[in-house]
Amino acid sequence: METTYKRHLITAALPYANGPVHIGHLAGVYVPADIYVRYLRLRGEDVLFICGSDEHGVPITIKARQEKVSPQDIVDKFHVMMRDSFAEFGISFSIYSRTTSKTHYKTASEFFRKLYDKGDFIEKTTSQYYDEEAQQFLADRYITGTCPVCGNESAYGDQCEKCGSSLNATDLKNPKSTISGSTPVLRETLHWFLPLDRYEAFLRKWILEENKDWKQNVTGQCKSWLDAGLQPRAVSRDLDWGIPVPVEGATGKVLYVWFDAPIGYISATRDLTEDWEKYWKDPGTHLVHFIGKDNIVFHCIVFPAMLKAEGSYILPANVPANEFLNLEGEKISTSRNWAVWLHEYLREFPGKQDVLRYVLCSTMPEAKDNDFTWKDFQARNNNELVAVLGNFVNRAMVLTHKYFEGRVPPVAELTEADRATLSELPRLREAVEYNLDNFRFREALKSMMDIARLGNKYLADNEPWKVIKTDPARVGTVLNISLQITANLAIVAQPFLPFSAVKIAEFINLGKSLWQDAGRGDILESGHPLGEASLLFEKIEDEAIDLQLLKLQQAKEQNQQEKPATKPQKEDISYDDFSRMDIRTGIILEAVKVPKTKKLMQLKVDTGIDVRTVVSGIAEYFEPQDIIGKNICILANLAPREIKGITSQGMILLAEDASGKLVFVTPEEGMSPGAEVK
RNA sequence: GGCGAGGUAGCUCAGUUGGUUAGAGCGCAUGAUUCAUAAUCAUGAGGUCUCGGGUUCAAUUCCCGAUCUCGCUACCA
């Protein structure tokens, strides 16, 4: 590790306070961050580990409304829940703060105000939907309406969850406010924008030239964003939940959550120590952000631009983002309850924090998405933690108690093999160091386990249980070395398995030790009394695993039961409305995929009236050759629209079920084109 | 369609600045062993390094193309 840093400031992504913590969060962010921090502390470094709950933003207000409580109630509930489960799990934050804290309001306001006063923002007036009954502007999420793309009637203002289209609220047909149910009106509103484009050149140089050691997935995604060109980004919203924009007359406006959340790292540091500026502004500080891949753009582009604009802050030295963890082959989903929740794990597997830490570290999605399975969890516990690590420590302890009354025996004479074994210790310590310094947690964990493997092999090679009959002094040497290996484990395992490392230290009665002691073959002096040993890990039986799988199975079944929700009937229309639609039978004459699109197919349709061109979003579901000659129905008098440079005249009728399957609506018997459908 | 990441043993992953027999852990097989939570140790089987071209004396590694997975993005009357 570069020893040039005077201190370390390590942040872990602020979890959003609208749900509990699950294994995806842990594997992606908190486990690696905690390992890294514990390692630095063990090296005697000056390190702060910063985290807290992210408590603003629209989803929290929506959840509050659904549950008929205040947003504060929601965040209070989840803040406490997350804070406590992190603590119980052994995530060793220096502080776990929250973005509703007074300090944060002050810090974020000051930050905004400084940029505002320097003229770093662009002011822009835009039209947004306003709910006259509730007398407030509506966030995109507070507007529902008919998706202009797929016709889904409950699309949100920012996105249709049915077809995945991202939308502008003004695209929606029949917009409705979810607050009052009334139809919103467009009103002008003033907002502030951070002109990210102004920092593009700086960011490009900083990321692509000055930080070539960042992970591939991080650099790649940044490059993708930079190449696409950065746009000014709004930093304020019309909302009543958040930090008020600290500008005269800006009533009803709050900081956009992405702007205030990263400042939360600074506020939390400020809550922790009066010396906070030393950590944030002195170039001697090593700043590292641990995040998941969904946060890369904010931590590598947006937040650095903010810090750069402010001017007095340092920038992160690295942003080791992980990919995502799946669960039993499927994406983890809070809303579908497809997750392993930390608070439930802690309840159902009491005292097994280290098991989950070990499994999540060994399957950490460092370079690509990875899968967590309960079977793998069980196998790693039984075959690695129990059989390799726990077993070795137990063997060394039991043998010493048996032959030497629980005292570290003296070393007689070292054989060549003894020396070779001892020389492995510093090598393994260095391997762990090298890998941790480079954020390669899985490799580091392996090297740690290799210490235990070394011990097992050493015992097997030297067979003290046999030699004791002929040469007790030799057994003393063998066990001394075995105990030195155990002492090394007590130190090196600390970052990864903090609970077990403490136990091992108790077993061998080892006082406070430092990382620098690892690698030594004389940590324990001869005659040193050992403590009592117990089992470090225990086997996990099939029943416990089956129970977890059953739980997931039940979550899945529940989802499936809820799935086939037929959409409610649309509001009544008059016969007149209906009769204005001119639906005809037709035949598809030609079909060609529209180049450079994924979904679009260009069709030539005989409508009986004429032969016309129609563009339809069906290319994902049908091959052109399969639909030529197909009898279809077409809404013929839909106003023409230009799509990808092609004028589409009409809309082909298709039936779609809840799973998204598309089927043409076809006359039951052959009909010549042009017959009216009514 | 564009961009990014990834595709290496049954599983989870290292690796190769191009160079003799491509590695690890787990799983599997065989043998040894019994101090230890039926744990451990040794040996072995198992890979056309996604596919097709090209550059090169030599490619899994570099270039081009295809294909699959994940993510971002455009399109969806």
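Values below: every heavy atom of this structure, side chains too, minus hydrogens, waters and symmetry copies. Below, chains carry the letters A, B, ... as their sequence lines are ordered, and counting in each starts from 1.
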Practice task
Please state whether the phosphate of B:rC72, meaning OP1 or OP2, lies under 4.0 angstrom from any side-chain nitrogen or oxygen of A:Q221.
Solution key: no

Exercise for the section: Mark up nucleotides 30-39 of chain B, 5' to 3', with B wherever a protein heavy atom is under 4.0 angstrom from a base atom, S wherever such an atom reaches only the sugar-phosphate, and - elsewhere. Expected result: ---SSBBB-S

Fill in the blank from the handout: A:E323 CD to B:rU69 C1', in whole Å, measures 12 Å

Practice task
Would you please confirm or rule out a distance under 4.0 Å between OP1 or OP2 of B:rA14 and any side-chain N or O of A:R442?
Solution key: yes

Handout entry: Distance (rounded to the nearest 0.5 Å) between A:F324 CZ and A:D371 CG
Key = 14.5 Å

Exercise for the section: Represent RNA chain B in dot-bracket notation, 5' to 3'. Only Watson-Crick or G-U wobble pairs with both distances under 3.5 Å count; pseudoknot-style crossings use [ ] and interstrand partners use |. Expected result: (((((((..((((.....[...)))).(((((.......))))).....(((((..]....))))))))))))....

Problem - Separation of atom CD in A:Q216 from atom C1' in B:rC70, rounded to whole Å - result: 16 Å

Practice task
Please report the C-alpha distance between A:E366 and A:R442 in whole Å, then the side-chain angles of each, then the deciding distance to 0.1 Å, and finally whether the salt bridge (Lys or Arg N to Asp or Glu O under 4.0 Å) criterion is met.
Solution key: CA-CA 8 Å; A:E366 287 180 323; A:R442 296 203 305 204; 3.8 Å; yes

Practice task
Have a look at A:K446 and say if it touches a base, only the backbone sugar-phosphate, or nothing, with a 4.0 Å heavy-atom cut-off.
Solution key: base

Handout entry: Residue-phosphate contact under 4.0 Å: A:R440 side-chain N/O, B:rG15 OP1/OP2
Key = yes

Exercise for the section: Have a look at A:E384 and say if it touches a base, only the backbone sugar-phosphate, or nothing, with a 4.0 Å heavy-atom cut-off. Expected result: sugar-phosphate

Handout entry: From CA spacing to verdict: side chain to side chain contact (heavy atoms under 4.5 Å, CB included), A:I508, A:M397
Key = CA-CA 8 Å; A:I508 57 173; A:M397 291 299 296; 4.0 Å; yes

Handout entry: Whole-Å C1' distance, B:rA32 and B:rC68
Key = 45 Å

Exercise for the section: Sticking with atom P, work out how far B:rU61 lies from B:rU48, rounded to a whole angstrom. Expected result: 16 Å

Exercise for the section: Give A:A367 one of three labels, base, sugar-phosphate or nothing, depending on what nucleic acid heavy atoms sit under 4.0 Å from its own. Expected result: sugar-phosphate

Practice task
Look at the side chain of A:K457 and decide which nucleotide, out of B:rC70, B:rC41, B:rA14, has an atom nearest to it.
Solution key: B:rC41

Exercise for the section: Measure up the A:F441 and A:F439 rings against each other and bin them: parallel (under 30°), tilted (30 to 60°), perpendicular (over 60°). Expected result: tilted

Practice task
Send over the distance from A:I207 CD1 to B:rC3 P, rounded to a whole Å.
Solution key: 20 Å

Completion exercise
Taken to the nearest whole Å, CE/A:M448 to C1'/B:rG25 is 13 Å

Problem - For the student: nearest non-hydrogen atoms of A:V29 and A:I291, plus distance - result: CG2-C, 3.5 Å

Exercise for the section: Could you measure between the two C1' atoms, the one in B:rG23 and the one in B:rG31, and give it in whole Å? Expected result: 24 Å

Exercise for the section: Scan A:V615 against the nucleic acid and name what it touches under 4.0 Å (heavy atoms): base, sugar-phosphate only, or nothing. Expected result: sugar-phosphate

Practice task
Scan A:N370 against the nucleic acid and name what it touches under 4.0 Å (heavy atoms): base, sugar-phosphate only, or nothing.
Solution key: sugar-phosphate

Practice task
Could you measure between the two C1' atoms, the one in B:rC13 and the one in B:rG18, and give it in whole Å?
Solution key: 23 Å

Practice task
Using the C1' atom as the reference point in each nucleotide, state the distance between B:rU12 and B:rA74 in Å, no decimals.
Solution key: 36 Å

Practice task
Run through A:L385, A:V355, A:T363, A:V386 and flag the one making a side chain to side chain contact (heavy atoms under 4.5 Å, CB included) with A:R380.
Solution key: A:T363

Exercise for the section: Provide, to the nearest angstrom, the distance between the CG atom belonging to A:N381 and the P atom belonging to B:rG25. Expected result: 19 Å

Fill in the blank from the handout: Rounded to whole Å, NZ of A:K293 lies from P of B:rA5 at a distance of 13 Å

Completion exercise
Checking A:L635, A:V665, A:N637 against A:I583 for side chain to side chain contact (heavy atoms under 4.5 Å, CB included), the one that qualifies is A:L635

Exercise for the section: Any chance you could lay out the salt bridge (Lys or Arg N to Asp or Glu O under 4.0 Å) test for A:R204 and A:E209, step after step, and finish with the verdict? Expected result: CA-CA 7 Å; A:R204 186 174 285 279; A:E209 291 174 32; over 6 Å; no

Exercise for the section: Using distance alone, with no hydrogens and no angle criterion, decide if A:N480 and A:Q484 have a side-chain donor and acceptor under 3.5 Å apart. Expected result: yes

Fill in the blank from the handout: Whole-Å distance, A:N438 CG to B:rA14 C1', equals 14 Å

Problem - Spacing between A:K375 atom NZ and B:rU12 atom P, to the nearest angstrom - result: 11 Å

Practice task
Determine the interatomic distance between P on B:rG25 and the same-named atom on B:rA42; round to the nearest Å.
Solution key: 9 Å

Completion exercise
Nearest-nucleotide check on RNA chain B, A:D376 vs A:C222; residue mapping nearer the 5' end is A:C222

Exercise for the section: Would you please indicate yes or no on a ring centroid separation below 6.0 angstrom for A:Y36 and A:F290? Expected result: yes

Practice task
Considering only atom C1', compute the distance from B:rG46 to B:rC51 and round it to an integer number of Å.
Solution key: 22 Å

Exercise for the section: Could you label the plane-to-plane angle of the A:F377 and A:F349 rings as parallel, tilted or perpendicular, counting under 30° as parallel and over 60° as perpendicular? Expected result: perpendicular

Exercise for the section: For B:rC75 versus B:rA66, give the span between their C1' atoms, rounded off to a whole number of Å. Expected result: 24 Å

